[in-house]
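For reference, the structure discussed in these notes is given below.
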Amino acid sequence: MQRIILHIDLDSFYASLEELRHENIRGKAVVICVYSGRSEDSGAVSTANYKARELGIKSGMPISLAKRLAKDKDVAFLPNDIEYYRTVSDRIMEILEEETDIMQQVSIDESYLDVTKKSNENWNNAKKIAEIIKKKIKEQEGLTCSVGIGHNKLVAKMASKHKKPDGLTIIKDTEIKKFFENLPASKIHGVGGKTTKVLDELGIKTAKDLADFDVNILEEKFGRNKAKLLLDKARGIDDSPVEQKERQQISRLGTLKEDTDDVVTIFEKIKELATDMKKKIEKEKVSFRTISLITIDTALKTQTRSETIQVTNDLDSVLPIVKSLLERFLEENSEKKLRRVGIRASNFIYKKEQKTLGDF
DNA sequence: CGACGTGTAAC
DNA sequence: CCTTTTACACGTCG
């Protein structure tokens, strides 16, 4: 059966929220930052609004670089306030839930809605639902969003990206070919830098080039599964359902004040991160079986060490294990210093379906 | 197959 | 000089 899927993307969400609550920056270029705290401007850009993007400022870039680009210009730099953004996000997700029976929130500012039923399998009705959603979000929160509509999540996502901000794009199956014809392969959702480089070497520039390419060569370069996935994506094929998935892991990362290989200093940071993560674990009511140490060295290389244990929901009780993982890592990498550390709990067992002792 | 570690990608 | 959090695929090992 043909589904109808909506993808909703809130426009430069963090920056828009800050503009709404600080009239003095309204209409300006706004850059939301994650400061790492190791020096005045160390950290990265989380969100740049459209005015800031015109200056070449993009999410992910170092704050120091963004400030250079903003030199002599009127640009507002603000620290991010995730807690506040989450509160508003939750309210918006409730609006979306009113308009569909199947929703999948994929991030703080993005959701997929399966409106097959609600639209009676009719594109026009789906478009009306999208318009209602845009209107409600504008009226209730003062925000704009971009909406994409397609027969699957991939196409809906690509559609929402097509016109931003405040866009509404429908890509019917008959239009997929045309839409993908001249689309650079790198713009396909899920095709990042590494994949693009390999595609480039194969002479593949557009989604159409990819869709028409020899499967065997793709399999050689990417392996069977990824080759199939890439071909499907280039053809606008995606059968994955809209479904809210249970969380698989909870992690916390932090940046150390200085690069160090001192166990005590690093473990202090880990304890700090654990306090915050403990709250999250309690809120989500999860128990876990695997605990990991995440390290990022001065060369920004990420490594992990993990241990699987008896199921627990008590993070404090596994901190000694994290400490031993850290000691092991430092022994095995005595030449390295760490820039950042993190911890991760995974291999979840959810409370509602948690087995009691009697079940074993 | 489960555990472990790495890489890629997106936000 | 470079943040945070999550998902998922894949290779390897026992």
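Letters A, B, ... are given to chains in the order of the sequence lines, protein chains preceding strands, and every chain is numbered from 1.
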Check your understanding: Taking atom types as modelled, is there a side-chain donor on T290(A) or N347(A) under 3.5 Å from an acceptor on the other?
Key -> yes
Review point. How would you label the contact of Q249(A) with the nucleic acid (heavy atoms, under 4.0 Å): base, sugar-phosphate, or nothing?
Key: base
Practice item. Look at all strands and tell whether D259(A) reaches a base, only sugar-phosphate, or nothing, counting heavy atoms closer than 4.0 Å. Key: nothing
Practice item. Fit a plane to each ring of Y14(A) and Y85(A), take the angle between them on a 0 to 90° scale, and name the class: parallel (under 30°), tilted (30 to 60°) or perpendicular (over 60°). Key: parallel
Check your understanding: How would you give the extent of chain A contacts on DNA chain C, as first and last nucleotide 5' to 3' within a 4.0 Å heavy-atom cut-off?
Key -> dC2(C) to dC10(C)
Point to revise | Those residues that, when tested against F222(A), pass ring pair (Phe, Tyr, Trp, His ring centres under 6.0 Å) (two or more places apart) | key: none
Point to revise | First encountered from the 5' end of DNA chain C, between S39(A) and R224(A) | key: S39(A)
Point to revise | Selection residues 1-11 of chain A - residue pairs positive for salt bridge (charged side-chain N to carboxylate O under 4.0 Å, His left out), sequence neighbours left out | key: D9(A)-K164(A)
Exercise for review: Hey, which sits more toward the 5' end of DNA chain C by its nearest nucleotide, K245(A) or D41(A)?
Suggested key: D41(A)
Practice item. Could you tell me whether N80(A) contacts a base, only the sugar-phosphate backbone, or nothing, with contacts defined as non-hydrogen atoms closer than 4.0 Å? Key: nothing
Check your understanding: Please, which pairs that meet salt bridge (charged side-chain N to carboxylate O under 4.0 Å, His left out) have at least one residue in residues 306-334 of chain A, sequence neighbours excluded?
Key -> K278(A)-D314(A), K278(A)-D316(A), R305(A)-E332(A), R328(A)-E332(A)
**Study point:** Sugar-phosphate only, base, or nothing, as touched by I250(A) at under 4.0 Å among non-hydrogen atoms
**Key:** sugar-phosphate
**Study point:** S42(A) versus S36(A), side-chain donor and acceptor atoms under 3.5 Å
**Key:** yes
Exercise for review: Have a look at S42(A) and say if it touches a base, only the backbone sugar-phosphate, or nothing, with a 4.0 Å heavy-atom cut-off.
Suggested key: sugar-phosphate
Review point. Where along nucleotides 4-11 of chain B does protein come under 4.0 Å, by heavy atom, of base (B) or sugar-phosphate alone (S), with - for untouched nucleotides?
Key: SSBSSSSS
Check your understanding: At under 4.0 Å between heavy atoms, what does R289(A) touch on the DNA or RNA strands: base, sugar-phosphate, or nothing?
Key -> sugar-phosphate
Check your understanding: Is a side-chain donor-acceptor pair under 3.5 Å present for D214(A) with N216(A)?
Key -> yes
Check your understanding: Is it the case that T295(A) and K336(A) place a side-chain donor and acceptor less than 3.5 Å from each other?
Key -> no
Practice item. Using the test ring pair (Phe, Tyr, Trp, His ring centres under 6.0 Å), find all partners of F179(A) that sit at least two apart in sequence or belong to another chain. Key: H162(A)
